[in-house]
Amino acid sequence: MSSSSFGAKPAVLRCSRCGTFVDWAEARAQVVCECRPRLELPPVLVREAGDAERVAALELFRRDFGRSGIVAFGQIMDLDAAPAIVAEMNGEIAGALAYRLVDAGLHIVALATDPMWQRSGVGGYLVAEAELLARRLKIPRVIVSMTNDNLPSLYFYQRRGYFVSEWIPNGAAKHAVSASLVGFGGIPIRDEVRLEKALSPQ
Ligand SMILES: CC(C)(COP(=O)(O)OP(=O)(O)OC[C@H]1O[C@@H](n2cnc3c(N)ncnc32)[C@H](O)[C@@H]1OP(=O)(O)O)[C@@H](O)C(=O)NCCC(=O)NCCS
């Protein structure tokens with residue numbers, strides 16, 4: 001998943017050491033061990049987005065992925081039209097997931113957690129809710145699209161049972177308006193990467 005206007009993005013990730021919010025290019029990967037404390041946090045409530053919540057969800061997506069449409073699954077997606085699931089913490093919209101249903105599966109088109117609430121379980125609950133929805137609709141798999149630079153997201157999904165199903169060289173860069181695209185950690189954005197998870201029948 002990537003934006004066709006990669007420049008001029010506000011902060012989208014939160015530093016796990018000092019808490020500062022950072023933009024993609026300023027963020028760095030860091031190895032930590034199990035010493036990381038488990039925090040007691042308010043409950044995460046997830047639900048299908050109503051009209052007012054869709055506005056908050058779109059704002060989150062636009063901040064993370066740019067304002068002129070998200071490139072995912074080989075095309076520029078119109079998020080205004082996509083159904084969304086939102087997560088609420090402490091009475092505010094803390095994260096959102098946009099999806100679409102296709103024959104092959106449920107496509108996660110966008111996922112974003114407000115930096116304030118990152119590493120609080122929001123992303124995990126949203127993905128679990130999307131999987132639950134797919135199961136209810138008897139859809140066999142969930143598929144997500146991201147760009148090659150997005151190491152936090154590659155890590156996040158593989159930790160949750162997803163595996164890389166397609167790596168499409170130049171799949172993201174060919175849709176971009178700018179020639180030099182810089183993503184997480186300053187890594188050039190070029191490829192689209194798809195990960196999927198087969199859902200076992202319950
Ligand atoms: C990727 C992204 C959605 C993850 O969202 P998130 O809300 O931080 O995800 P979670 O909180 O569920 O999980 C993140 C980590 O926090 C940990 N965590 C969750 N609750 C916790 C708690 N109470 N105390 C301590 N750690 C906690 C999780 O265990 C997980 O770490 P692990 O995988 O090493 O075990 C978020 O980083 C983001 O918005 N990124 C920018 C946009 C993006 O890349 N979107 C995805 C493109 S498809």
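As the structure lists them, so they are numbered: ligands from 1, and atoms in each ligand from 1. Below, each value reflects all heavy atoms present in this structure, side chains not excepted, and no hydrogens, waters or symmetry copies.
Short contacts between ligand 1 and N150, defined as distances under 4.0 Å to a heavy atom of the residue, involve ligand atoms 43 (C), 44 (O), 47 (C). Every atom of ligand 1 is numbered from 1 in the order shown, and the set under 4.0 Å from a heavy atom of L13 is 37 (O), 40 (N), 41 (C). The ligand atoms of ligand 1 that sit less than 4.0 angstrom from a heavy atom of A112 are 39 (O). Listed by atom number, the atoms of ligand 1 under 4.0 Å from V122 heavy atoms are 7 (O), 11 (O), 12 (O). Proximity to L39 (heavy-atom distance under 4.0 Å) selects the following atoms of ligand 1: 22 (C), 23 (N), 24 (N), 25 (C). Of all the atoms in ligand 1, the ones that sit under 4.0 Å from a non-hydrogen atom of D64 are 39 (O), 41 (C), 42 (C).
When only interatomic distances are considered, the shortest N/O to N/O separation between W24 and ligand 1 does not fall below 3.5 Å. Checking only distances, G121 does come within under 3.5 Å of ligand 1, N or O to N or O. Checking only distances, S153 never comes within under 3.5 Å of ligand 1, N or O to N or O. Looking at ligand 1, you'll find an N or O of G123 within less than 3.5 Å of one of its N or O atoms. Residue L41 has no N or O atom closer than 3.5 Å to an N or O atom of ligand 1. For ligand 1, one of its N or O atoms has an N or O atom of G124 under 3.5 Å away. Polar contact with ligand 1: present for Y155 (N/O pair, distance under 3.5 Å).
N148 places a side-chain N or O within 3.5 Å of a backbone atom of R190 that can act as its donor or acceptor partner. Side chain of W24 to main chain of D64: a donor-acceptor pair is present (N/O by atom type, distance under 3.5 Å, no hydrogens or angles).
Comparing heavy-atom distances from atom 31 (O) of ligand 1 across R36, R119, R159 singles out R36 as nearest. The heavy atom nearest to atom 3 (C) of ligand 1, considering only L111, L195, I70, is found in L111.
At a heavy-atom cutoff of 4.0 Å, ligand 1 is contacted by no atom of P152, backbone or side chain. Under 4.0 Å from ligand 1, the heavy atoms of R160 that appear belong solely to its side chain.
If you chain together hydrophobic residues whose side chains sit under 4.5 Å apart, V46 and V55 never meet in one group. Tracing side-chain contacts under 4.5 Å through hydrophobic residues (I, L, V, M, F, W, Y), one never reaches I70 starting from L60; they form parts of separate clusters. Taken together through direct or relayed side-chain contacts under 4.5 Å among Ile, Leu, Val, Met, Phe, Trp and Tyr, L133 and V122 form part of one hydrophobic cluster. No continuous path of ILVMFWY side-chain contacts below 4.5 Å connects V193 to F163, so the two sit in separate hydrophobic clusters. With hydrophobic clusters built from ILVMFWY side chains whose heavy atoms lie under 4.5 angstrom apart, Y162 shares a cluster with L111.
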* Walk me through it: do Y157 and V127 pass the test side-chain contact (heavy atoms from CB on, under 4.5 Å)? => CA-CA 9 Å; Y157 280 103; V127 171; 3.9 Å; yes
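R100 has no carboxylate O lying under 4.0 Å from a charged side-chain N of D78, or vice versa, which leaves the two without a salt bridge. Salt-bridge formation is detected for the pair R47/E53: a Lys NZ or Arg NE/NH1/NH2 atom is positioned less than 4.0 Å from an Asp or Glu carboxylate oxygen.
Counting only heavy atoms from C-beta outward, the side chains of I187 and L151 approach each other to under 4.5 Å.
The side-chain contact (heavy atoms from CB on, under 4.5 Å) test with V44 is passed by exactly one of M89, E88, E129: M89.
Using a 4.0 Å heavy-atom cutoff, P37 is listed among the residues neighbouring ligand 1. The closest approach between a heavy atom of S120 and any atom of ligand 1 is below 4.0 Å.
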